[in-house]
2 protein chains.
Amino acid sequence: MKIYDEHLIRNGIRPSVQRLKIFEFLHKNHNHPTADNIYEALLPAIPTLSKTTVYNTLNRFVDKGLAVVVNIDEHEARYDANTSAHGHFKCISCGGFFDIHFPEPDIKLPKGFQAENYHLNIKGYCKVCNEKKNR
Amino acid sequence: MKIYDEHLIRNGIRPSVQRLKIFEFLHKNHNHPTADNIYEALLPAIPTLSKTTVYNTLNRFVDKGLAVVVNIDEHEARYDANTSAHGHFKCISCGGFFDIHFPEPDIKLPKGFQAENYHLNIKGYCKVCNEKKNR
DNA sequence: ACTTAATTTGTAATCATTACAAAAATGAAT
DNA sequence: ATTCATTTTTGTAATGATTACAAATTAAGT
Ligand SMILES: [Mn+2]
Ligand SMILES: [Mn+2]
Ligand SMILES: [Zn+2]
Ligand SMILES: [Zn+2]
């Protein structure tokens, strides 16, 4: 895809096959995949793919601001190509994962502090698990 | 300490020496220690202490709502006895860690969802690192 | 004291991530 | 096209935090 190609170049990342496929996958799958999810998904298309490459590439994307990593749970780093301000909800019963949109938060940082990114992570019960629980 | 004792009992946790010391440590040290920090700090006082006990105890505290775990960075679970709504800031330059207080957030969850806890994690540059950078 | 349940401990296992060095691919220069 | 340097990818080994598990210890109840 030409458009992803240019997106990478514009951010100083040379678009190798591996990087391009990973970037494309992130943009087409908004289910916040883990590094392993991505690896497994792309293996058929790139049989020589190494998991190290997936990690290297994702770390580079995050460094360059092309993706964010969501650490809502320890031992589970999920990646998101949507870098606009939004939060995440994880159901502690079924594990369901959802984007949460919220109005521009009015957070006053201490004097002189400068924020690079915000992460709002919420845990609780999703609709179906909540109904199951209240019965 | 009698007061910590009762606090644990009230929440259905039998106050063993280990649990009491860990709970007390969390309440007296607001620097968001890791499990290992706690283990190292208490080892002189409880020479037989096991790291497994520290983990088991912290997990129990979190389950019962007596503490929260802050996953602002992967590979770094920090514990906080302050369970009231507040956020955390980590300096990506010096590693400094700060509490962030913010006005009651107005977050609308999807219909039927129920939140158990909110986590606001911010990364950026602290005052001194920011000044160092802009020079 | 005896019996049972709860807690702690030590060790081994797990598992995601990183370190590292060799191999492969790419690009520029001759 | 060949050479040579640079970048990227790959495979394997190492790391390190957390958990699993079973034995040992401690506490509680009779
Ligand atoms: Mn998202
Ligand atoms: Mn805090
Ligand atoms: Zn659910
Ligand atoms: Zn700093």
Side-chain angles (χ1 to χ4, degrees), chain A residues 4-5 8-9 11-25 32-64 66-80 90 92 95 97, chain B residues 4-5 8-9 11-25 32-64 66-79 90 95 97:
Chain A
Y4 295 126
D5 232 275
L8 289 181
I9 292 171
N11 286 89
I13 296 176
R14 204 177 314 169
S16 68
V17 177
Q18 290 84 342
R19 290 169 177 171
L20 205 51
K21 288 284 185 193
I22 293 171
F23 193 60
E24 193 180 329
F25 184 85
H32 308 83
T34 64
D36 196 65
N37 293 154
I38 298 170
Y39 172 74
E40 294 293 344
L42 295 184
L43 204 50
I46 316 172
T48 68
L49 183 62
S50 158
K51 209 175 273 190
T52 301
T53 299
V54 177
Y55 278 107
N56 288 343
T57 302
L58 290 172
N59 285 341
R60 187 168 308 218
F61 288 173
V62 173
D63 279 352
K64 301 280 185 175
L66 292 179
V68 293
V69 51
V70 182
N71 295 315
I72 194 168
D73 253 334
E74 54 265 61
H75 298 176
E76 181 178 76
R78 291 163 163 267
Y79 294 84
D80 193 346
K90 178 166 188 183
I92 50 187
F97 203 84
Chain B
Y4 295 125
D5 232 274
L8 289 181
I9 292 171
N11 285 89
I13 295 176
R14 205 177 311 170
S16 69
V17 177
Q18 290 85 343
R19 290 170 178 172
L20 205 52
K21 289 284 185 193
I22 293 172
F23 194 60
E24 192 181 328
F25 184 85
H32 308 83
T34 64
D36 196 65
N37 293 155
I38 298 170
Y39 172 74
E40 294 294 343
L42 295 184
L43 203 52
I46 318 173
T48 69
L49 182 62
S50 159
K51 209 175 273 190
T52 301
T53 299
V54 177
Y55 278 107
N56 287 342
T57 302
L58 290 171
N59 285 341
R60 187 167 309 217
F61 287 173
V62 172
D63 278 351
K64 300 280 185 177
L66 292 178
V68 293
V69 52
V70 182
N71 295 316
I72 196 169
D73 254 333
E74 54 264 63
H75 298 177
E76 181 177 78
R78 291 162 164 267
Y79 293 85
K90 178 166 188 181
F97 202 85

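In what follows, chains are A, B, ... by sequence order, proteins preceding strands, each numbered from 1.
When the P atom of C:dA16 is taken as reference, atom CD1 of A:I38 falls 14 Å away, rounded to whole Å. Atom P of nucleotide D:dA17 and atom CG of B:L58 are separated by 15 Å, given to the nearest angstrom. Note: NZ (B:K21) to P (C:dT8) measures 14 Å, nearest angstrom. Atom CG of A:N37 is separated from atom C1' of C:dA16 by 13 Å (rounded to the nearest Å). Look at NE2 on A:H75: it is 9 Å from P on C:dT17, rounded to the nearest Å. Protein atom CZ of B:R19 is 11 Å distant from nucleotide atom P of C:dA6, rounded to whole Å. Spacing between atom CD1 of B:I13 and atom P of D:dA27 amounts to 18 Å, rounded to whole angstrom units. Taking atom CG of residue A:D73 and atom P of nucleotide D:dT18, one finds them 13 Å apart after rounding to whole Å.
Partners of B:N11 according to the side chain to side chain donor-acceptor pair (under 3.5 Å) rule, which considers only residues two or more places apart in sequence or in another chain, do not exist here.
Of the residues near DNA chain D, A:T57 and B:A35, the one whose nearest nucleotide (by heavy atom distance) lies more toward the 5' end is A:T57.
Residues A:I72 and A:F97 have side chains in contact (heavy-atom distance under 4.5 Å, counting atoms from C-beta outward). Side-chain contact between A:I38 and A:I22 is present, with at least one heavy-atom pair separated by less than 4.5 Å. A:L66 has its side chain within reach of A:F23: a pair of non-hydrogen atoms, C-beta onward, lies under 4.5 Å apart.
Closest to the side chain of A:R14, from the set C:dT7, C:dG27, C:dT18, is C:dG27. Each of D:dA28, D:dT18, C:dT8 was ranked by its minimum atom distance to the side chain of B:N56; first place goes to C:dT8.
B:T53 places no side-chain N or O within donor-acceptor distance of the main-chain N or O of B:L49, the cut-off being under 3.5 Å. Remark: side-chain polar atoms of B:R78 are paired, donor with acceptor, to backbone N or O of B:H32 under 3.5 angstrom.
Near DNA chain C, meaning a heavy atom under 4.0 Å from it, residues 42-55 of chain B has B:T48, B:L49, B:S50, B:T52, B:T53 in order of number.
Among the protein residues, A:E74 comes within range of no part of the nucleic acid, since none of its heavy atoms lies under 4.0 Å from any strand. Within 4.0 Å (heavy atoms only), A:Q18 reaches sugar-phosphate atoms of the nucleic acid but no base atom.
Taking only side-chain nitrogens and oxygens, A:N59 never comes nearer than 4.0 Å to OP1 or OP2 of C:dT17.
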Does the pair A:R60 and A:R19 meet the rule for a side-chain contact (heavy atoms from CB on, under 4.5 Å), with working shown? CA-CA 10 Å; A:R60 187 168 308 218; A:R19 290 169 177 171; 3.3 Å; yes
